[in-house]
Amino acid sequence: MASLDPHMARRLAHLPAVRAAVAAELRKRAARVEAVVAAHTRTGALASSIAVVVDRVDSTVSISDPAILAINYGHHTPSGRWVEGIHAIEAGL
């Protein structure tokens with residue numbers, strides 16, 4: 001009967017070619033997020049809250065602006081008018 005190495009995923013994730021491919025994919029996704037944000041920049045606060053982290057195995061694009069949910073998905077103004085979101089998170093998927 002065949003068996004799988006229980007540590008196979010860990011070994012594959014640390015291969016140099018896999019790490020390079022993950023980092024390259026992250027950079028493409030980060031560029032898409034940054035492009036959407038750049039098109040909707042008024043104060044620069046949102047753009048400056050983007051962080052791109054390429055680690056040994058995992059890589060992330062994060063947006064730390066406290067208003068990111070309203071900015072990304074949309075919100076109502078105090079007068080009740082709907083403001084469409086910019087959908088920057090979706091651009092990175």
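Summarising the geometry, atom CZ belonging to Arg29 is positioned 13.5 Å from atom CD1 belonging to Ile89; distances are rounded to the nearest 0.5 Å. Note that the OG atom of Ser59 and the CZ atom of Arg27 stand 7.5 Å from one another [nearest 0.5 Å]. Between the CG atom of Asp58 and the CG atom of Leu26 there is a distance of 10.5 Å, given to the nearest 0.5 Å.
Cluster membership check: Tyr73 shares its hydrophobic cluster with Val37, using side-chain heavy-atom separations under 4.5 Å among Ile, Leu, Val, Met, Phe, Trp and Tyr. Put simply, Leu46 and Val53 are part of two different groups of oily side chains (I, L, V, M, F, W, Y) that touch within less than 4.5 Å, one to the next. Linking Ile, Leu, Val, Met, Phe, Trp and Tyr whenever their side-chain heavy atoms come within less than 4.5 Å leaves Val83 and Ile86 in two separate clusters. Hydrophobic clustering (ILVMFWY, side-chain heavy atoms < 4.5 Å, transitive): Val22 and Leu12 are in one cluster.
Remark: Leu4 pairs with no residue by the side chain to side chain contact (heavy atoms under 4.5 Å, CB included) rule, at least two apart or across chains. Qualifying ring-ring contact (aromatic ring centres under 6.0 Å, His included) partners for His76, counting only residues two or more places apart in sequence or in other chains: Trp82.
By the 4.5 Å heavy-atom criterion applied to side chains, Glu90 and Asn72 are counted as neighbours. Under the 4.5 Å side-chain criterion, counting only non-hydrogen atoms from C-beta, Val52 is in contact with Glu34. Taking the side chain as every heavy atom from C-beta outward, Val33 and Ile63 approach each other to under 4.5 Å.
Remark: side-chain polar atoms of Asp55 are not paired, donor with acceptor, to backbone N or O of Val57 under 3.5 angstrom. Between the side chain of Thr43 and the backbone N or O of Ala45, at least one donor-acceptor pair lies under 3.5 Å. No side-chain donor-acceptor contact under 3.5 Å links Arg56 to the backbone of His14.
His7 approaches Asp5 most closely through the heavy-atom pair N-OD1, 2.9 Å.
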